[in-house]
Amino acid sequence: MAIIVYLETENGSFKKSALEVSSYGRKLADEKKTNLCGITFNSSDPFKIEKYGVEKLINIKTDHVFDAKIYADLLCKNFRDLGGTIFITGSSADSRFIFPIISILLDASYATNVVEFPSSISPLVLKRSVFTNKAFVFTELKNKHKIIGILNNSFGIFESERKLEVKDYISESLDSNVQVESIKEDGEKISIADAEIVVSGGRGLKGPENWNLVEDLAKTLGAATACSKPVSDMGWRPHSEHVGQTGKPVASNLYIAIGVSGAIQHLAGINASKCKVVINNDPEAPFFKAADYGVVGDAFDVVPKLIEGLKKFKSR
Ligand SMILES: Cc1cc2nc3c(=O)[nH]c(=O)nc-3n(C[C@H](O)[C@H](O)[C@H](O)COP(=O)(O)OP(=O)(O)OC[C@H]3O[C@@H](n4cnc5c(N)ncnc54)[C@H](O)[C@@H]3O)c2cc1C
C-alpha cells in the first residue's frame with residue numbers, strides 16, 4: 001500500500017525536481033497514513049533525500065545508458081517489490097518516456113502535468129494543466145495502480161525528516177536497443193528544467209555579441225539562460241537553450257523575456273512559469289498580454305540598469 005516516488009539524479013546527485021516529488025509524496029503518504037518509499041538510479045549521496053520524508057530508498061545500480069524500456073522494467077519490478085499503489089514522478093523528458101511504458105506494464109491510470117496537491121484523496125482527483133497552461137482539468141484516477149506526474153515548481157520543496165533505510169539493487173545486464181555513439185555536453189550552467197529563474201533573450205537583442213546582457217542578468221539572479229527559436233536557429237545560442245512549443249518547456253518561478261515578441265509558439269512552452277516579466281521596446285508586442293510585469297523600453301538601456309539595481313540591492 002506504499003506510495004513510491006521516482007527520484008531522478010544527474011551525475012549521481014538528486015535533481016531539484018526529486019526533492020519536490022518527495023515533498024509531494026510525503027504529504028500524500030501522511031494524508032493516506034502510509035509509507036513513502038523512493039526508487040532512484042545510481043545515487044552517490046542517497047541519504048540526502050532523508051530530509052524530504054522518504055523512509056526507504058532503493059538505489060538501482062546500473063551501468064546501462066538511458067533506455068526507457070529498461071528503466072521502466074527496473075522501476076516496475078521495484079515498485080511491485082515495495083508494494084506500491086501510487087507512483088509519483090516529475091515531468092522531465094526522461095520520465096515522460098518512461099512512465100507511459102510503466103502505466104501499460106502496471107495497468108495504471110496516469111495523470112501528467114499535475115499542478116497541485118490532490119483536491120480529493122479518495123477518490124483521487126488531480127488538477128492538471130492542459131492546452132499549454134491555458135486551462136485546467138480535474139482528472140480522477142480510477143485504476144488500482146495510479147501514476148501522478150507533477151509539473152516542476154508546482155508544489156514546492158518542504159523538509160520533513162524521517163529515518164531512511166537505503167538498499168542497493170544491482171541490476172543485471174539487460175538487452176538494450178540503445179547504443180550511445182558519443183556524448184556532447186550542452187554546456188548549460190543551470191539546467192532550464194531545474195531553474196527557479198530563467199532569463200531569456202530574443203531577436204530584439206540584435207546579435208550574439210550582445211548576449212552578455214542576458215548572461216550578466218542571469219548570473220546576478222542565479223538564473224538559467226534561454227532563448228527564442230530564431231535565436232538558436234541563427235546559431236546565436238546553442239539549441240539546448242531554445243524554449244517554446246518546439247523547444248524545452250519552462251516552469252520556473254520567474255521568467256524574464258528580453259526582446260522576445262511573445263509569439264504563440266514561444267508562449268506555449270513558457271506559460272507554466274509563475275511570474276513572467278517582459279522587456280520590449282514595442283508596447284504592442286503580444287508578450288505584454290501574457291506578462292505579469294512589463295517594461296516598455298530599449299533592452300540596451302533597461303537591462304544594465306536592472307543589473308545595477310539588483311547588485312546594489314544584493315549588497316545591502
Ligand atoms: C511550427 C513552429 C514552431 C515554433 N516553435 C517555436 C518555439 O518553440 N519557440 C520560439 O521561441 N519560437 C517558435 N517559433 C517561432 C515563433 O513563431 C516566432 O517567430 C519567434 O518566437 C520569434 O522570436 P523572437 O521573439 O525572438 O523574434 P521577433 O519576433 O523578431 O521579436 C523580437 C522582439 O524584440 C523586440 N525588440 C527589438 N529591439 C528591441 C530592443 N532594443 N529592446 C527591447 N525589445 C526589442 C521587438 O519589439 C520584438 O517584439 C515557431 C514557429 C513555428 C511556425
Side-chain angles (χ1 to χ4, degrees), residues 91-94 96-97 112-113 129-135 151-153 186-188 190-195 197-221 223-310:
S91 51
S92 70
D94 284 358
R96 284 173 197 262
F97 276 121
T112 53
N113 291 345
S129 153
V130 289
F131 301 124
T132 66
N133 229 34
K134 290 206 171 54
L151 214 51
N152 288 356
N153 295 323
D186 65 13
E188 269 182 86
I190 300 177
S191 86
I192 291 172
D194 276 349
I197 306 174
V198 174
V199 179
S200 181
R203 208 149 43 177
L205 284 170
K206 319 287 184 219
E209 65 281 7
N210 297 321
W211 236 260
N212 59 318
L213 284 182
V214 174
E215 281 178 340
D216 286 353
L217 181 57
K219 198 169 160 211
T220 312
L221 290 166
T225 51
C227 68
S228 65
K229 182 174 183 295
V231 164
S232 68
D233 286 349
M234 289 184 294
W236 294 1
R237 297 298 290 178
H239 278 291
S240 58
E241 287 196 3
H242 158 200
V243 295
Q245 183 188 319
T246 47
K248 284 189 181 163
V250 181
S252 55
N253 286 330
L254 175 62
Y255 183 78
I256 304 178
I258 307 167
V260 182
S261 58
I264 191 162
Q265 297 90 353
H266 186 88
L267 296 178
I270 63 96
N271 252 337
S273 293
K274 284 194 185 139
C275 179
K276 296 175 266 295
V277 176
V278 174
I279 300 167
N280 196 304
N281 63 0
D282 175 7
E284 301 299 320
F287 218 142
F288 284 116
K289 291 206 177 85
D292 298 282
Y293 299 94
V295 180
V296 179
D298 188 328
F300 298 93
D301 290 335
V302 175
V303 179
K305 284 184 186 142
L306 182 57
I307 295 170
E308 198 188 313
L310 282 164

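One-based numbering, in listed order, for ligands and for the atoms of each.
With respect to atom 18 (C) of ligand 1, the closest heavy atom belonging to the protein is A263 CB, 3.5 Å. Among protein heavy atoms, atom 24 (P) of ligand 1 sits closest to S228 OG, 3.6 Å. Ranking protein heavy atoms by distance to atom 25 (O) of ligand 1, first place goes to S261 N, 2.7 Å. Among all protein heavy atoms, the one lying closest to atom 19 (O) of ligand 1 is P230 CG, 4.4 Å. Nearest protein neighbour of atom 30 (O) of ligand 1, counting heavy atoms only, is R203 NE, 2.9 Å. Nearest protein heavy-atom neighbour of atom 44 (N) of ligand 1: N281 N, 3.2 Å. Atom 17 (O) of ligand 1 has as its closest protein heavy atom Q265 OE1, 2.7 Å. Atom 9 (N) of ligand 1 has as its closest protein heavy atom V243 O, 2.9 Å.
Heavy-atom proximity to G247, at under 4.0 Å, picks out these atoms of ligand 1: 8 (O). If you number the atoms of ligand 1 from 1 as listed, the ones under 4.0 Å from a heavy atom of Q245 come out as 7 (C), 8 (O). For ligand 1, the atoms closer than 4.0 angstrom to any heavy atom of K206 are 37 (C), 38 (N), 39 (C). In the vicinity of G297, heavy-atom distances shorter than 4.0 Å reach the ligand 1 atoms 42 (N), 43 (C). Of all atoms in ligand 1, numbered sequentially from 1 with element shown, those under 4.0 Å from a heavy atom of F300 are 41 (N).
Taking only non-hydrogen atoms, the option from G202, C227, S200, G259 nearest to atom 32 (C) of ligand 1 is G259. Which of M234, K248, H242 comes nearest to atom 7 (C) of ligand 1 through a heavy atom is settled by distance: it is H242. Counting heavy atoms only, N280 comes closest to atom 46 (C) of ligand 1 of the residues N280, D282, I279, L205. Across V302, V303, T246, heavy-atom proximity to atom 6 (C) of ligand 1 is greatest for T246.
Proximity of atom 1 (C) of ligand 1 to the protein is not indicated, since no non-hydrogen protein atom lies closer than 4.0 angstrom.
The backbone N or O of V260 sits less than 3.5 Å from a side-chain atom of N280, completing a donor-acceptor pair. Checking side-chain atoms of K276 against main-chain N and O of A257 turns up no donor-acceptor pair under 3.5 Å.
V243 has its side chain within reach of Y255: a pair of non-hydrogen atoms, C-beta onward, lies under 4.5 Å apart. You'll find the side chain of L213 reaches within 4.5 Å of the side chain of P304, heavy atoms only. Contact check for K289 versus V278: no side-chain heavy atoms found under the 4.5 Å cut-off.
Screening P230, S261, C227 for a side-chain contact (heavy atoms from CB on, under 4.5 Å) involving R203 leaves a single residue, P230.
Counting non-hydrogen atoms of other residues, nucleotides and ligands closer than 6.0 Å to CZ of F288 gives a total above 12. Annotation for E284: atom CD does not count as buried by contact number, only 12 or fewer foreign heavy atoms lying within 6.0 Å. For L310, the CG atom sits in a packed shell: over 12 heavy atoms of surrounding residues, nucleotides or ligands are nearer than 6.0 Å.
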Determine whether N152 and S91 satisfy the following criterion, side chain to side chain donor-acceptor pair (under 3.5 Å), listing intermediate values before the conclusion.
CA-CA 6 Å; N152 288 356; S91 51; 3.3 Å; yes
Given the rule in the side chain to side chain contact (heavy atoms under 4.5 Å, CB included) test, do V231 and L205 qualify, once you have shown the distances and angles that lead to the verdict?
CA-CA 9 Å; V231 164; L205 284 170; over 6 Å; no
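The shortest non-hydrogen separation linking G201 to V214 is CA-CG2, 4.1 Å.
Heavy atoms of A299 found under 4.0 angstrom from ligand 1 belong to the backbone as well as the side chain. No part of F287 comes within 4.0 Å of ligand 1, judged by heavy-atom distances.
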